[in-house]
Structure formats: C-alpha cells, structure tokens
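So the structure is just underneath, and the comments pick up after that.
We name chains A, B, ... by the order of the sequence lines, and we start the count at 1 in each one.
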Amino acid sequence: MTTNTTELATTYSPKEVESKWYKSWEKGNYFKPKKGKANKPYCIIVPPPNVTGKLHAGHALDITTQDSLIRFKRMKGYETLFLPGLDHAGIATQSVVEKMVFEQEKKTRRDFKREEFVKKIWDWKEEYGNFILDQQRAMGASCDWDYLTFTLDPIPNQAVKKFFVDMYNQKMIYQSDYIVNWDPMLQSAISEAEVEHKDVQGNFYHIKYRIKDSESTLEVATTRPETLFGDTAVAVNPNDERYKHLIGKMAIIPICNREVPIIGDEHVDLEKGTGCLKVTPGHDFNDFEIGKRHKLPIINILNLDGTLNDHGMEFKGMSTKEARKKVAKKLEELEILLDTKNHMHPVGHGERSGVPIEPMISKQWFVNVTDMSKRAVEAVENGDMKFYPKEWENTYYSWLRNPKDWCVSRQLWWGHQIPVFYCDDCGHQWASEHNEIECSKCKSKKMHQDPDVLDTWFSSGLWPMSTLGWPNPEAMKEKKFDTFFPNSVLITGHDIIFFWVARMMMMSLQTQNKVPFSDTYIHAIVRDKLGRKMSKSLGNGIDPFDMIAQYGTDAFRFALAAGAGYNRGINLDPERIGGYRNFINKVWNAYRFIQPHLESSSAKITDLTKLDHHERWILAELNSTSKIMNESFEVYRYDDASAAIYSFVYDKYCSWFIELSKNILNGEASPVKSQRISVLKFVFKKMLALLHPITPFITEELWSHLKDDTEDLLIVQAYPEFDATLDFKTDQDQMNKFVEVVTGIRNLRASVNIKPKDEVSVELFTDNIDLITYFRKNLINFQELARVKELSVGSKELNRPNKSIMNVLTHTEIFLPLEGVIDLKEQVNRLEKELAKTKADYQKYESRMNNENFMKNAPEAVREEVKQGERDLKEKITSLEENLIQFKG
RNA sequence: GGGAGUUUAGCUCAGCUGGUAGAGCGCUACCCUUACAAGGUAGAUGCCGGGGGUUCGAGCCCCUCAACUCCCACCA
C-alpha cells in the first residue's frame, strides 16, 4: 500500500497511533539487538527507577535522551540494546510499605517476622512495581524487555555476593565501630549522601561548668544540652589565652556531676560560641574525631529509637527533643543556665524519613575505597570515560579525590542480605556466596547470617555488569556480555554522579578491570517554568502522563529534546510543549498536502542531472540538515538536532518547497510534475527518517503511508547522512537571493496595505547577469508567492519607474510602480531611515577597512568578508541615494 | 566556611578555537489564499548583569563588584 486516498483529519491525533505502533514494534521484535551495517554494538542501560516510582519529568527526559540515541544508532546500523530495569530502592520501598501497613493494620514491621514482612514488600512490588514500565513504554522507549532486570533478581544477587565475598576475603570490606548517621525512625544507619541538611531554629544554651579544685568556672555553649550525659571531655583551643591555663584540670558536668578532663584541641574555634566545647564522642562527628585524638571514652546515651537510655537518668525514655527542653529547665533551676540565644543551625535529616538523624556509634560494614577511587579518578583523567558536558568531571573528582570509606550496611529487611555468617558456638565469622548451614570451621549448625542488608547503591554499582549476566557464565553468554560490556553511554542527572556514576566506575574497574561505559552524558534537571524544582509541596510538578494525554508523546519528547544540550536546567513550560504539538501537526499536514499526488510519483530519484533548481536546493538543504543531526546526536546536542530539523520542516520544506511546488502540482500531468512529486516524496521520507529518533510515532505512521511494499518499518531504515553529491552550493545561494526578493516584495506590499489578493507589477534591477536570467525564469514563482502580475528584470543602467515604492537589497533593487496616489513623503522617510541605518552599518565596515592594524592582523578570511560587506553596503547606499534624489525631485 | 555554575529580546534558551548577536514561544498589524487558524504574510524588541583591563576587534579572554542557583562540609 503506497497511497492512501482516505480522508485525513486536518489535525493529527496521536493517541491510537502511538499505542498501535508501539505494539507493532514490540511484536515484530524491532527492539531486539540485531547486527547491522555498522557492525558495532551500542548499549544503553536505563537508570533503573524505584519500584515505588511513578514516572516524573526527569524520567521522561532520561527516556527521551536515551531512546533518541538508541533509535539513531539502530538506524545507523548498530547492534543496539536498550536495557530496562527496576531498583528495589531499599529504604524508600520499605518505608512506603511500612507506612501502608501501619495505616491499614496499625502495626510496625517489628510486629512481624522478618520473612512475613519481606513477603509483604514483595507482594507490594508485584502489584505496583511494573507501573512505571508501562509509562516508559508510553514514552516510546524501545527497550528489549526480555532483558528487564530487577535489582533483587538472582543474578544481581549473585553479583552482590561475589563482590562482597571477594572484597571481604581481601580485607577490603571490614566491620568497625563507627559513628554513623542513625535514622531513629528507620532504625538504620544511612549513608552521608542520604542525609539532607536543613536549617533549623534552635537555641544556644550557655551553661556554667564548675572546675574541680578551683573557684573559677567555664561557660560552655551548646545547642544540645541533653547530650551532656555522654560528654567525656571539655575542649578549648590550646592557643586560647582565656582558657589555656585550664587544660589538664577536670571539669564537672552538671546534673550527673561526672568529672571529665579539660583538653586542648585545635578544632575548637576561638570565635564560635564561648570558645569552650563540650565533647560528646558518641553523638557528634567532630567530637568523635576529637575523642579518637585524645583517646576519650565513648558513652552511648541513646536507644535505637532515639530516646535516652539509662545514662539519661531522670530523662530516660524521652526523645532528644523533649529531653533538650527538660534539661534546659533543670539547668535553669540549678541557676547554671547563663544564657539562651536563638540560633539557626543546620541539622541533618534523613532524606527518606525526614526526621533529624542522630550521630551514633554502632558496628557497621565498610568498604575500603581508597584504591578503587584512585583508579576511578584515573580512568576519567586519562579519557577512558568522558563526561558530557565536561564540567561534571569536577563534581566527580571532588567526591572521589577525598574518599571516605563507604558504610554499606543498613539495618533494614528489604535488600540484599549481607553474606556474612557467624557461628554461635565457636564464634567464627566468614563470608560466603552460598547459603551456609553449618559453621565452616567447627561444623556446628548453630550459626546465623548477619541480619543487615546492603546499601541500595551496592547493587546499583554492579548494574552495568549484573544486567548482562555477570558473574554467571551461562547468563553472560546468553545476554552477550562480551558484546555489550562496556556499555556505550550512561545518561543520568547530575544529582547521582557520586551516588551512582562513581560507584559503577569503582566497582567495574575493580571486577572487570574496565570502565563500565565510555561516555557519561549528564542531562539537565527538569524544573518548572519559573526555574523551581518540581516538588509535591509546591504542587508544580509536571506529570508526563498529563502532557502525553494533552499533546501527544512526540510533542513531549520533542520539547524535552529541544531543551537538552549542555545546560543544567530545563525550565519546562507546558505551553512550549503545545508549540511543538503544533509542529507535529505541521508535519501531518505537509503529508496531507502531498498525499493526493502520490500515485503519480516514482519512488526514487535516479538521475541527478534532471533535477531542477528548486529540487537541487531542497536536496542540498536536506543534506545540510542530515549533517547537523548526525553530528549533534554524536555529542549529545539534542537541542541542536531539534533546531535543525524544526527549521528544515518549517522554513525549508513547508514554507518554500511546498509553496514553490503548488503551481507545478496544479498543472497538467507532465514529466516535470511527476519528477516534482517524486522529489517531494523522497525528501519527505528522508525528513521522517531524520525526525524519527525524536518523534518516533508520527514518523512511523506517515512512513507506513509512504513506504514501498518492499520497505520495512521506519524504525530500522537507514539514517540519512551527508552526501557530497547533493551539496548544491550555487542553488542554495541563488535560492537565498530569491527568498530575499520575494520577502522584499511582500514587505513593500504590506507597507502600503495592498490586499493579499490584489496583484502588483514589479520591476527588479540588478547588475548581476546571472541573477537577471534567474529571476526571469522564476516569473511563475514570483506570481505564486508574491501575487506579482507583471515582472520586468533589468540592469541598473535602465531608468527606474516614476511613481513607485522601492526596496533596496545588496544585490537587487525592487520597484513596485503604483497607479494612483503615492504618499511620496512617506516613501522618502522610509528610504531615508533605511539609508541612515545602512550608512551606520557601512561605517563599521569602513572603519575596519581603514584601520591599519586590522588590515595587518586580521586573518585573510575575515578581511575578505569585511571587504565584501563594504562593497555590498556601498552599492546599497548608492542605490538608495540615487532613488532618493528621484523621489524628492 | 569550601567548591561549581548562572546572569544575552517580554519568557525559555543557543551562541564553535575572540570577527561585530540568533531560535522557539509570546507580542503587533493584516489575511478563513483549495496541506495546516494547532495556519499564512509582514513587523517590533537587545548599553549580551555593573565597572575596569588585554586586543586591530570582546557576548566569548583577564581582574573586580553585584544578584541568583546548586553541590560539599558544618547540631559548640
């Protein structure tokens, strides 16, 4: 079916078209990797969204940028794999389910057995987890869904165990008492990266401390008086004249009346507070460091839920917040609370739970990243992995160049359980990839596995490998690990450069000795039209589904692509998507225009020598557009690619080529006519191909109307590339001049309010002989495009018409002789204004010409350009001046 | 406190190794011209954040000031 004569609606409706084609592609296995003419693999792995997730604008941008590239490369003949996945997202998912269970059953997870509760999460995952995948499909993601991997699947689990056990045996994973960010709500340690610092209004409490065997006292300032039960020292700066004589004496902590040493430590800031610092190594990161330096004892005063334990004396059982008030009151009663000042200070909050985190000592698993991070830095330094845009290197480096060991244990139930086993009889501890049932040393059956699970990013870091089957040899073969690893490019937002990109780099270099991907493209963060982050509380989120429903997926994708370059933010305004919806509709209507003529077209252009000027021109323009699009996609400049094709469709194909074809198409059947139809069709098909990676649906739809019976779907057609034989420079130059003249005529018509229907006579004057011939040949086109009745074209030697309005281009003078009354004064005004402007321009060129240094230093090309400009403007000025004299006279 | 970034038309943004400012949207006027009113034609709009410097020449390079944004660190 090459033509379709059924009536087409004047507006394109995307809905049915989109689901229809997505099904066809999927059913026809078009998303599966196939060897093509490029004979190279190309693989992108989708950053796996959380199973709790719903598609948001950022995901939509992920999919658009990734899928456009995949489709581009597929058309270029690469063996493409677009690999989808889902992330179990430990904390996020567990808390969603915990909340739900609490609402429904008023129970916490601790009211269940571990297996029972984990089962609940799995149920929840089965029910809601795939929702986001359907949304990805709606976005047009051409993923091979057979590759779909969940981070808790057996293979990723195997990968996690293998990595852990290897590192454990190399002593690169170790267990240690450490001060961690304790989330009292989740009752788990969380990583530094999961802590969000928010400014909070608190108080500075100034407390009087007595000093043993001394009459003098110290004034200590703190925001957290309730932690004084855990204090094991008071610190002052050793250079502080006020206090340094006290170093070595003992201070007495109020309320509990414990004696602690007064120590000197450089960390203490002379300016801050009172210059005296209470040291609580168990509950403050800096104090922990001070404690280590001075070998201070550590006192833990908190229970796991964040309430005070026995050390808290009468305040036992209170939350820190409550205890803070009560302790302050007590201090007041004791008349040692000297002052209370309002104080804004940042407090760490759990990113997921939202509650203030409590620094606390606990036993955790750590990965020593010293060596891995070094290698990860080098891999970027030596170009094995490149960032686009390059500046993001800095973010990456700043994280990896001062690495802190990675706390990977989480006191959760949802995730990969740590593969470490303990013997309850002999106390032996070992790591194993297998489910152990007896102690590897004493064979006792009384043993247990470490109850903690691993940080989500632990499995994410292995993602480029585990999704391709590593470390299972059969799975690696089946999934073609050797073909698709390393991946081609990772595309994600800058907010997870260190969470994820850095970890993948480290873990890949560690396990494969290779970078996981050769490029990383960091796309912008999608914000609302005022540049604010999209958030639930602001209610300014843009729901991709709404956009798809309102404008169609293609329009939405185009809007995102048009905004995706090397920028940091896309401020997305739904109105702009509406603009691109109009563009999609334009493509639709361009098809509606050529559609009735298609029966008399031939499929291919065989003889380039038979092409006429306008046909050569549009092919040359198509050719330039192909060049830009190819180059832009290669370096992730979606914005440039979108702009190029937008302008081709609108400004070249629709505004000029279709308009210039109308008189031919309306005429009798002829070789000229059928050739023109062929070219219209040929170019249209190429245009669809160019556009396909960005707007897959409408292009596939129209392709189905235009394709030959022998042709496959557009999704696997060759992507148009630059072709030197179609580089018709002369035709582009001439056409540009033609466009200028037509615009000039229209401009004159508008300036004297000639009705669009009314015809006018036009006289053109130019000294360019080629142009004279060219314009004469284009009479019919001037008639069509500028409603010209009679056209005369002559050299500037000739006399100009008397009563007329005129316009001067650098190469041509345009005259519209007018019957009836012309407002001479207005004509003169207009020309004088134009003359003044031209003279000003001319002066810029002239002054450069007269500038010795410029002539001496500027490169040849620039000098030539200036000379040409000077000549053109001079000619224009002469024309204007001569004609002004005539008008005035 | 440390670091990075941004500042160009009313809005959102391009602007390659310095050659004299562009796009889309919006706006104005006129048009229902047989592909498209989700359209057509024509048009207006810029001390390229301020100041200084280098250069024949600066939106682009250097210094400085200002405003805004993000990241890291920080519970005295």
Side-chain angles (χ1 to χ4, degrees), chain A residues 8 10-12 192 197 200 202 204-206 220-224 227 235 268-269 272-280 283-287 343 345-348 356-359 391-392 394-395 398-399 402 494-495 497-498 525 529-531 533 551 555 559 562-563 565-573 575-576 578-596 637 639-640 642-643 646-647 654-655 658-659 662 666 743 746-751 753 755-757 785-787 841 844-845 847-848 851-859 861-863 865-866:
Chain A
L8 293 169
T10 57
T11 52
Y12 167 66
E192 303 228 0
H197 293 274
V200 165
F204 242 145
Y205 300 93
H206 291 240
V220 173
T222 179
T223 55
R224 304 197 57 183
T227 62
V268 180
D269 190 331
K272 222 166 178 177
T274 57
C276 292
L277 174 67
K278 63 194 261 319
V279 183
T280 323
H283 298 286
D284 183 283
F285 289 94
N286 289 314
D287 293 4
H343 179 54
H345 58 107
V347 176
I357 63 118
E358 297 289 348
E391 295 81 70
W392 290 113
N394 295 330
T395 304
S398 75
W399 179 257
N402 79 69
H494 70 78
D495 45 343
I497 288 177
F498 35 80
I525 299 293
K529 66 173 174 180
L530 300 173
K533 262 192 176 168
Y551 303 112
Y566 289 174
N567 47 333
R568 302 192 150 220
I570 297 178
N571 296 359
L572 194 61
D573 183 348
E575 276 186 33
R576 291 183 63 207
Y580 292 115
R581 187 265 321 263
N582 298 354
F583 168 75
I584 301 293
N585 198 46
K586 189 81 181 171
V587 176
W588 175 256
N589 277 293
Y591 172 70
R592 283 185 66 230
F593 172 79
I594 62 169
Q595 188 255 349
R637 288 305 304 253
D639 49 351
D640 290 346
S642 313
Y646 187 100
S647 146
C654 293
S655 293
I658 283 188
E659 293 304 326
K662 279 181 176 171
N666 288 334
T743 309
R746 288 168 173 171
N747 178 324
L748 283 175
R749 297 177 52 116
S751 75
N753 289 323
K755 293 262 179 264
K757 278 181 207 150
L785 298 181
R787 299 292 287 173
D841 281 348
K844 280 191 206 161
Y845 284 84
S847 72
R848 277 198 282 172
N851 185 331
E852 266 178 52
N853 285 321
F854 173 77
M855 296 308 281
K856 207 162 56 190
N857 296 324
V862 176
R863 284 207 309 271
E865 209 175 282
V866 170

Specify the separation, in whole Å, of atom [atom1] of [X] and atom [atom2] of [N].
X      : N     : atom1 : atom2 : value
A:N753 : B:C30 : CG    : P     : 9 Å
A:W392 : B:G3  : CH2   : C1'   : 12 Å
A:I497 : B:C72 : CD1   : C1'   : 13 Å
A:Y646 : B:G24 : OH    : C1'   : 6 Å

For [N], does either OP1 or OP2 sit under 4.0 Å from a side-chain N or O belonging to [X]?
X      : N     : value
A:K662 : B:A35 : yes
A:R637 : B:G15 : yes
A:R576 : B:U12 : no
A:N286 : B:C75 : yes
A:T395 : B:C72 : no
A:N747 : B:G43 : yes
A:N582 : B:G39 : yes

For this session: Nearest-nucleotide wise, let me know which of A:Y566 and A:C654 is further upstream toward the 5' end of RNA chain B.
Result: A:Y566

As a test of reading the structure: which of [options] is closest to the side chain of [X], going by heavy atoms?
X      : options             : answer
A:E358 : B:C75, B:A42, B:C72 : B:C75
A:F285 : B:A42, B:C72, B:C74 : B:C74
A:P859 : B:G19, B:C75, B:C71 : B:G19

Problem set entry | Pair pattern of RNA chain B in dot-bracket, where unpaired bases get dots and | marks partners in another strand, Watson-Crick or G-U under 3.5 angstrom | (((((((..((((.....[..)))).(((((.......))))).....(((((..]....))))))))))))....

For this session: Mind checking salt bridge (Lys or Arg N to Asp or Glu O under 4.0 Å) for A:E865 and listing every partner two or more places apart, or none if nothing turns up?
Result: none

For this session: Taking the six-membered ring of A:F854 (Phe, Tyr or Trp), confirm whether the NZ or CZ of A:R848 is under 6.0 Å from its centre and within 45° of its axis.
Result: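 Yes, A:R848 lies over the aromatic ring of A:F854.
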
Problem set entry | Span that lies between the P atom of B:G52 and that of B:C60, in whole angstrom | 14 Å

For this session: Pick the C1' atom in B:G49 and in B:A58, then give their distance to the nearest Å.
Result: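 Per the computed distance, 16 Å lies between those C1' atoms.
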
Between the base of [N] and the side chain of [X], is there a donor and acceptor pair under 3.5 angstrom?
X      : N     : answer
A:R848 : B:U20 : yes
A:R581 : B:A38 : yes
A:K856 : B:C56 : no

Any side-chain heavy-atom pair from [X] and [Y] closer than 4.5 angstrom?
X      : Y      : value
A:F583 : A:V587 : yes
A:W588 : A:L8   : yes
A:L785 : A:R746 : yes

Exercise. Does any donor atom in the side chain of A:N589 or A:R592 lie under 3.5 Å from an acceptor atom in the other side chain?
Worked result: yes

Exercise. Got a sec: does the OH of A:Y845 have more than 12 other heavy atoms crowding it under 6.0 Å?
Worked result: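 No.
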
